[in-house]
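Residue numbering restarts at 1 for every chain, and letters A, B, ... go by the order of the sequence lines.
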Amino acid sequence: MLCRRFLGACLSILTLASSPAVFADEPLLVYSARAEQLIKSVFEQFTKETGIEVRYFNGNEGALIERLKKEGDRAKADLLLTVDAGNLWYAAEQGLLAPFDSEEIAARIPAHLRDSENRWTALSLRARTIVYSTERVDPGKDHIASYADLARPEWQDRLCLRSSKKVYNKSLVASMIAHLGEDKTAAIVDGWVENLALRPLAEDSQVMEAILAGQCDAGIINSYYFGRLQAGRPDVPLALQWANQDSTGTHINVSGAGILKYAPQAEKAQQLLTWLTGPSAQGLFAAINKEFPANSKSPIDRQVHEWGPFKQDELPLEKLGELQARATRLMQKARYR
Amino acid sequence: MKRGRSLLIWTLAALIALPVITVFLAWFSPDPELWAHLRDTLLPEMLLNSVLLCLWVAAGCLLLGVSLAWLVSRYAFPGRDWLQWALVLPFAIPPYVLAFVYLGLFNYAGPLQSWLHSQFALPGVDIRESRLVLAGIFSLVFFPYVYLPARMAFMTQAASYDEAAASFGYGRLRRLRHITLPLARPALAAGVLLAVMETLADFGVVAIFNYTTFTTAIYSAWEDYRSLQSAAQIASLLVLFCLLLMLGERFQRHRHSLSARSSQALPRQRLSGIRGWLASACVAVVLGLAFILPVGQMLVWALTHPAGAGVADTLAWSLNSLRLACMAALLTVCVAVLLVLGGQNGSKKGLLRYSAALASSGYALPGSVMAVGLMIGLDALIPGLAFGSVGVLLYAYVSRFTAVSLGPLEQAAAHYNPHWDEAARTLGAGLWQRLAALRLPLMLPALASGFLLVMLDVLKELPATYLLRPYGWDTLAVRIYQLTSEGRYQEAAQPALLLILCTLLLFGLSALVRAKASLRRFSRQPQCAPAATRPATQHRGHVR
């Protein structure tokens with residue numbers, strides 16, 4: 001009799017332990033495609049301010065989304081944090097994200113930086129723009145005002161690009177398709193490939209290194225890579241050129257997040273998402289990686305501020321996701337590797 | 001009984017190959033339009049590049065592996081005793097680490113070219129343009145796959161063949177060509193095959209070089225076109241190609257199952273004076289390029305760019321790496337033993353050959369494709385399973401690395417004399433007794449080397465770990481990736497060095513265990529029948 005009662009107690013403890021019931025002090029789980037060093041201190045700050053603990057699981061964008069698709073409600077994850085508008089769009093397309101309902105977010109983040117159904121929002125912005133050698137390029141004389149300028153014959157054997165496999169280049173070309181149409185974009189990409197001084201590189205940082213080494217004179221990079229380099233070498237002979245200021249504005253990409261459809265703690269997840277768009281997170285989140293805050297009222301990092309104001313491309317970001325596959329086709333046809 | 005056994009073996013092999021099977025099932029939903037696009041753009045380039053790269057890597061591994069093994073097994077020269085062990089060290093360097101170190105040192109902006117430019121006004125070159133440089137990097141990392149079996153084969157080949165040839169007036173090189181190499185061919189082929197498969201499944205190095213191969217096309221289908229189906233289809237072609245290679249290798253192994261092993265090894269010729277030092281220098285140069293140079297560069301980076309992670313975190317990552325590697329190696333070796341013992345069946349030679357090829361096929365898949373394939377397969381078999389668990393991760397490792405531990409075990413099994421089994425049976429030993437007293441002890445060296453190889457591979461493994469690890473199971477490889485994916489190569493040096501340190505630790509441990517084992521064997525020797533001790537001495541030292 002005693003034995004049976006003991007067994008019963010054991011069983012009930014076991015079922016309690018394995019039941020999906022959520023306890024009040026369960027930490028939030030974030031699936032993140034952003035590397036740990038870029039998010040750790042932000043979440044620590046959130047915990048400090050709200051008392052809510054955050055755990056995060058890092059992964060590769062594509063693989064993480066695949067895992068979420070397969071796991072469904074078993075994931076027990078609350079928030080998806082990733083880079084590139086295309087990835088956010090795809091996660092939403094695949095039905096992984098639930099819309100948030102927060103007026104605060106809507107007030108803080110401009111509409112073109114959010115999903116039209118509020119399934120995700122941008123958290124930080126990076127400009128993908130032109131970088132050039134201040135020793136060999138004179139922006140007054142050389143044509144360097146737009147992405148299309150880099151396809152001109154005068155840049156023959158002077159251009160460095162990162163691999164077309166990188167999602168940032170897919171989004172850039174997608175934005176060009178949206179503005180110029182496929183034919184004009186193809187002509188520009190052909191021109192780039194024609195002008196390449198060397199095989200496309202694996203990293204934006206290598207594009208800058210190649211310019212510094214004299215292998216080429218100009219390239220296209222995400223602004224924060226320049227910020228990181230400049231932070232260590234303030235007198236580096238490189239400068240950023242804000243592209244397309246006379247036309248569509250400089251191409252913008254984002255890091256962003258959305259609440260997962262099967263989030264066990266959707267309410268707290270929304271609290272975190274809202275907090276991430278607020279003043280204390282925005283400053284921190286952008287500054288860690290030398291980015292621009294998505295909340296335009298937030299202060300900009302001093303170093304980033306010194307690059308000067310510029311006109312952003314205000315194409316709705318979800319457009320980038322829709323056009324990425326076409327952009328890749330176009331680049332692969334142009335033998336841009 | 002026999003049929004039941006082969007059914008069991010096939011089930012086991014199929015379970016191990018689960019990710020491969022799901023990848024092949026993707027052919028049920030083809031996307032002809034995407035295939036047409038890929039055919040017009042990436043496919044021709046990818047096929048040509050992959051084939052050429054494989055040929056060069058095979059040649060490079062053979063050249064390095066065979067010549068070094070020949071040097072250390074046939075000659076005595078200064079430093080030979082420790083150099084022959086040190087040549088295993090390149091195994092510890094993850095290929096992508098060697099690639100970024102080499103680009104940093106030898107590319108256009110690196111110190112070597114800058115110096116050449118300033119001294120001799122030599123024009124700078126982009127070493128990424130050269131397929132040979134790429135193949136060289138793979139060869140430097142993977143040549144131990146050939147060196148180890150070659151060395152063992154050369155050391156254990158019966159001296160009598162060589163002596164007979166010498167008495168006919170054959171010179172050294174002719175003996176190498178006509179006697180030594182043909183006898184070692186099965187072992188060499190197996191090693192080259194592993195190197196080629198690793199090269200084909202690599203993503204990191206080819207991404208750093210922006211070189212289009214099979215994996216490029218696989219990831220393009222997946223990440224650019226979000227078509228996991230098409231990615232799986234391309235991957236299945238890769239697996240098919242590797243399966244053909246594997247079967248071919250196993251056929252030629254069986255054709256040449258001439259047992260030419262003996263404990264009476266050839267005496268080593270002493271190289272004196274300048275020739276001896278030249279031999280040492282040759283070995284040292286390879287060791288320097290493949291191990292000392294990258295480690296030195298990383299030491300410099302680690303000192304100038306500290307990674308900024310706490311001691312507790314770093315320790316946890318290292319422990320996770322070691323724990324996962326240890327568990328995975330244990331499981332993999334157990335599975336491989338089951339396959340080999342169960343599959344080795346006097347009446348049906350094909351059973352082991354085909355089931356082992358099936359079980360090894362996961363090695364040919366790029367890690368993340370394999371991991372996703374496993375998720376899809378498991379989801380179909382056990383609906384409702386949570387993926388982020390140590391169990392699933394270990395499954396992935398077993399699936400991927402069975403090939404690595406099967407190699408040495410199959411070789412050991414092939415040299416097992418069935419008469420010993422019969423003799424034991426006539427003495428009244430049952431199945432378990434025979435296993436415990438005869439088969440397993442004789443397989444022990446092969447088991448140990450399989451265990452070590454799997455551990456080394458798991459330590460370096462990234463994509464499957466990254467996708468399937470449970471919360472709190474970050475490893476050193478994961479940490480390295482997080483830093484390098486952001487372009488912070490220098491800061492990645494610290495965890496990379498720790499990873500290498502873990503590997504060295506393993507080498508040290510295995511050397512210690514071996515030393516003890518050989519001591520015990522030595523003390524036991526007088527009581528054993530000479531025939532029974534022979535195989536043990538033959539197989540020892542696969543990875544010493």
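Within the 4.5 Å cutoff, no side-chain heavy atoms of A/E209 are placed close to those of B/Y108. Put simply, the side chain of B/D40 does not reach to within 4.5 Å of the side chain of A/Q332, judged on heavy atoms.
Comparing A/A202, A/A210, A/P200, A/A327 by heavy-atom pairs within less than 4.5 Å of chain B, the highest count is held by A/P200. For the set B/E223, B/M375, B/E129, B/R128, the count of heavy-atom pairs under 4.5 angstrom toward chain A peaks at B/R128. Note on A/G59, A/G62, A/G214: by heavy-atom pairs under 4.5 Å with chain B, the leading option is A/G59. Contact count versus chain A (heavy atoms, under 4.5 Å) is highest, among B/A371, B/S220, B/G384, for B/G384. Most heavy-atom pairs under 4.5 Å with chain B, from the set A/R55, A/E71, A/E203: that is A/R55.
By the 4.0 Å N-to-carboxylate-O rule, A/R74 lies close enough to B/D379 to be salt-bridged with it.
Although no hydrogens or angles enter the test, the distance criterion places a donor-acceptor pair under 3.5 Å between the side chain of B/N210 and the main chain of A/R337. Looking at B/Q482, its side chain does come within 3.5 Å of a backbone N or O of A/E36 through a donor-acceptor pair. No side-chain donor-acceptor contact under 3.5 Å links B/R226 to the backbone of A/A325.
In this structure, chain B has no heavy atom under 4.5 Å from any part of A/Q94. Using a 4.5 Å cut-off between heavy atoms, A/D73 makes no contact with chain B at all. For A/E66, the parts lying under 4.5 angstrom from a heavy atom of chain B are both the backbone and the side chain. For B/S368, no part lies near chain A; criterion is any non-hydrogen pair under 4.5 Å. With a 4.5 angstrom heavy-atom cutoff, A/Y90 touches chain B only via side-chain atoms. Of the atoms belonging to B/E45, it is side-chain heavy atoms, and not backbone ones, that fall under 4.5 Å from chain A. Within the 4.5 angstrom heavy-atom criterion, only side-chain atoms of A/R228, from C-beta onward, approach chain B. Neither the backbone nor the side chain of B/S227 comes within contact range of chain A, judged by heavy atoms closer than 4.5 Å.
Annotation: the span from A/R326 atom CZ to B/Y225 atom OH amounts to 12.5 Å, rounded to 0.5 Å. B/L103 contributes atom CG, which lies 9.0 Å from atom CG of A/L201 (distance to the nearest 0.5 angstrom). Put simply, CG on B/L34 and CZ on A/R329 are 5.5 Å apart, with the number rounded to the nearest 0.5 Å. For the atom pair CG of B/L467 and CZ of A/F57, the computed distance is 7.0 Å after rounding to the nearest 0.5 Å. The line from CG of A/N58 to OH of B/Y471 is 9.5 Å long, rounded to the nearest 0.5 Å. Here the NZ-CG distance, from A/K70 to B/L228, works out to 9.0 Å after rounding to the nearest 0.5 Å.
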Next item on the list: Check the pair A/Q206, B/F100 against side-chain contact (heavy atoms from CB on, under 4.5 Å), reporting the backbone distance first and the verdict last.
Entry: CA-CA 11 Å; A/Q206 291 173 341; B/F100 71 68; over 6 Å; no
Note to self: Run the side-chain contact (heavy atoms from CB on, under 4.5 Å) test on B/E491 and A/Q37 for me, step by step, so that the C-alpha distance in whole Å, both residues' side-chain angles and the decisive distance to 0.1 Å come before the verdict.
What the structure shows: CA-CA 11 Å; B/E491 286 158 66; A/Q37 64 267 22; over 6 Å; no
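Residue A/A213 comes nearest to B/A109 through the heavy atom pair CB-CB, 3.4 Å, listed as atom of the first residue, atom of the second, then distance.
For the 3.5 Å distance criterion, the side chains of B/Y481 and A/N60 qualify, holding a donor opposite an acceptor.
Judged by the 6.0 Å and 45° rule, A/R67 forms no cation-pi pair with B/F387.
Contacts between residues 161-173 of chain A and chain B, defined by a heavy-atom separation under 4.5 Å, are made by A/S163, A/K165, A/K170.
The local environment of CD in A/E182 is crowded, with over 12 non-hydrogen atoms from other residues, nucleotides or ligands closer than 6.0 Å.
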